[in-house]
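For reference, positions follow the sequence shown, starting with 1. Indexing begins at 1, ligand by ligand and atom by atom, following the structure's order.
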Amino acid sequence: MRPTPIAAFFLLCMAHYASSQPRYDLLLQGGHVIDPRNGISAVRDVAIKDGAIAAVGERLNASDALKAVDVSGLYVTPGLVDIHVHVFAGTGERNSYAGDNSLYPDGYTFRVGVTTVADAGCAGWRNFEAFKEHVIDRAKTRVLAFLNIVGNGMRGGRFEQDLADMEAAPAAEMARKYKGLIVGIKTAHYGGPEWTPVEHAVEAGTAAGIPVMVDFGTDHPERPLADLVTKKLRPGDIYTHCYSGLRHELDASGHVNPGMIEGRKRGVIFDVGHGGGSFAWRIAVPAMQQKFLPDSISTDLHVGSMNSGMKDMLNVMDKFLAMGMSLDDVIVRSTWNPAREIHHEELGNLSVGSPADVAVLRLETGKFGFTDMYGARLSGTQKLDCELTVHNGRVVYDLNGITRPEWTTLPADYRETGNAAWDAVTPARGGRGGRAPAKK
Ligand SMILES: [Zn+2]
């Protein structure tokens with residue numbers, strides 16, 4: 001059947017529309033791509049379309065892109081994944097990680113290349129939905145969460161030492177209700193000699209099919225670290241603060257606790273969780289020399305850490321460069337490894353079809369210093385800066401305006417210069433997904 005003239009005209013318009021649409025929204029050209037998931041560490045172009053990675057190749061055509069950006073001389077990595085932060089801010093509760101000790105995430109993420117964080121147990125099953133409503137759903141950063149085994153979450157000693165509030169069943173039920181968003185169960189800060197917090201966390205994690213992350217609290221001879229990682233935790237469970245030295249991570253002779261080596265063989269994961277009081281050079285350097293490397297690099301971001309030895313995600317990564325780890329080895333521990341640990345294998349990589357979360361980093365050389373929890377310094381010659389962060393295909397941070405036009409090239413009365421197809425910072429009015437044109 002022949003189409004009516006009106007239908008034919010419509011089809012012609014559609015065909016013209018399709019052919020005039022650029023193949024890519026954003027093209028990052030000429031950077032050194034480090035994508036451990038796909039075994040790439042080489043100069044490549046990265047193309048993005050509709051919020052997803054569209055192509056990674058040696059020479060992609062700039063004319064196929066709505067916006068092409070020269071990132072030569074820079075490193076292009078998956079958006080960084082920080083699996084230990086504290087972001088349940090805004091409740092007004094003093095001395096509480098479900099309150100004043102936490103930070104709103106967006107101020108500490110995109111500017112250092114982080115696109116995904118996992119809150120490490122600020123909320124338990126009793127207050128998780130408030131956390132979700134007030135922080136997770138409102139953040140631009142992708143915020144996931146470890147659910148505290150304590151029903152009240154990390155609200156301070158009175159709550160965190162209450163064994164009666166560490167119930168596996170309601171924690172598992174909440175985790176199942178928000179599968180994918182709740183990525184694990186956390187136990188933390190426990191001061192007593194009992195195994196109950198760990199056992200109940202593992203019980204909840206098993207019921208919900210998710211890993212457990214352990215901050216092992218006060219050191220007790222009744223519950224030694226070796227037993228935790230060789231007997232109590234399951235393969236895939238995460239021991240955080242692994243270079244704190246607070247729980248015999250090194251033995252008296254300065255050797256890595258044999259239990260940690262045994263635990264690693266069983267598949268237990270070791271995470272940095274630097275924080276304000278969980279990273280010491282006198283532990284980390286010998287452990288690294290003995291080839292006990294972390295599986296994942298994370299910050300333990302909170303109000304007490306972000307201006308101390310720990311500055312931000314890049315600072316913690318810099319510390320591993322300063323201890324002699326290669327940049328490729330640092331990147332895998334800040335992207336693909338943590339994404340796998342929290343069972344989000346669509347993240348932390350630049351595979352075609354993955355969410356287009358990308359960090360563009362500059363490796364500076366010079367004289368730099370890095371401090372630990374005790375204020376001791378280790379000197380280094382390399383430091384990462386974040387030039388550009390892309391989240392779900394759109395630029396969310398651009399330090400030096402490398403995606404932007406020179407103002408002198410613009411009309412005298414220029415306004416917003418971007419396009420909402422690739423720009424979340426200052427998209428042009430009327431662009432795709434942008435605001436409506438202003439009325440004159
Ligand atoms: Zn923490």
Side-chain angles (χ1 to χ4, degrees), residues 80-89 91 93 95-105 108-109 114 116-124 127-128 131 135-136 141 143-150 152-157 159-161 166 182-191 197-198 201 205 211-219 225 228 233 237-247 249 269-280 283-284 294-313 315-316 319 334 338 341-342 372-373:
L80 306 179
V81 179
D82 183 356
I83 61 164
H84 191 151
V85 302
H86 294 279
V87 295
F88 190 1
T91 67
E93 189 164 75
N95 302 317
S96 166
Y97 287 88
D100 288 0
N101 294 353
S102 275
L103 299 156
Y104 285 113
Y108 302 85
T109 51
V114 173
T116 299
V117 295
D119 182 89
C122 288
N127 50 0
F128 176 76
F131 176 38
V135 177
I136 295 176
T141 309
V143 180
L144 309 170
F146 286 82
L147 189 71
N148 206 308
I149 190 59
V150 178
N152 272 296
M154 227 174 249
R155 296 181 59 194
F159 298 96
E160 296 185 76
Q161 307 306 320
M166 301 182 196
I182 293 176
V183 297
I185 303 289
K186 178 84 186 284
T187 169
H189 304 165
Y190 188 62
V198 169
V212 166
M213 179 188 275
V214 178
D215 162 329
F216 205 29
T218 310
D219 186 42
L225 172 57
L228 175 74
L233 295 185
D237 287 339
I238 303 162
Y239 180 74
T240 191
H241 307 313
C242 68
Y243 301 123
S244 71
L246 299 177
R247 298 149 198 112
E249 286 83 358
I269 303 291
F270 292 85
D271 175 66
V272 173
H274 185 306
S278 297
F279 183 89
I283 307 298
D295 295 295
S296 47
I297 293 172
S298 68
T299 60
D300 192 7
L301 175 78
H302 54 75
V303 294
S305 68
M306 49 78 70
N307 285 326
S308 68
M310 205 294 289
K311 307 296 187 295
D312 53 38
M313 184 66 171
N315 172 270
V316 183
K319 285 170 169 161
S334 316
E341 290 169 19
I342 57 171
D372 70 4
M373 65 190 274

Query raised in the report: Where is the tightest heavy-atom contact between Thr240 and Ser298, given as atom of each residue plus distance?
Result: OG1-OG, 4.5 Å

Report summary line: For Gly153 and Glu160, the nearest pair of non-hydrogen atoms, with its separation, is O-CG, 3.8 Å

Query raised in the report: Can you tell me if His86 has an N, O or S atom under 2.8 Å away from the Zn ion (ligand 1)?
Result: yes

Report summary line: Smallest heavy-atom separation, Ile269 atom then Ser296 atom, equals CG2-OG, 4.5 Å

Query raised in the report: Hey, is there an N, O or S on His302 sitting under 2.8 Å from the Zn ion (ligand 1)?
Result: no

Report task. Return the name of the atom in His84, of element N, O or S, nearest to the Zn ion (ligand 1). Result -> NE2

Report summary line: Thr91 and Gly99 have their tightest heavy-atom pair at OG1-CA, 3.2 Å

Query raised in the report: Between the Zn ion (ligand 1) and Asp215, is there an N, O or S atom separated by less than 2.8 Å?
Result: no

Query - Of all N/O/S atoms in Asp300, the name of the one nearest the Zn ion (ligand 1) - result: OD1

Query raised in the report: Minimum heavy-atom separation for Ala188 to Met154, with atom names?
Result: CB-CE, 3.7 Å

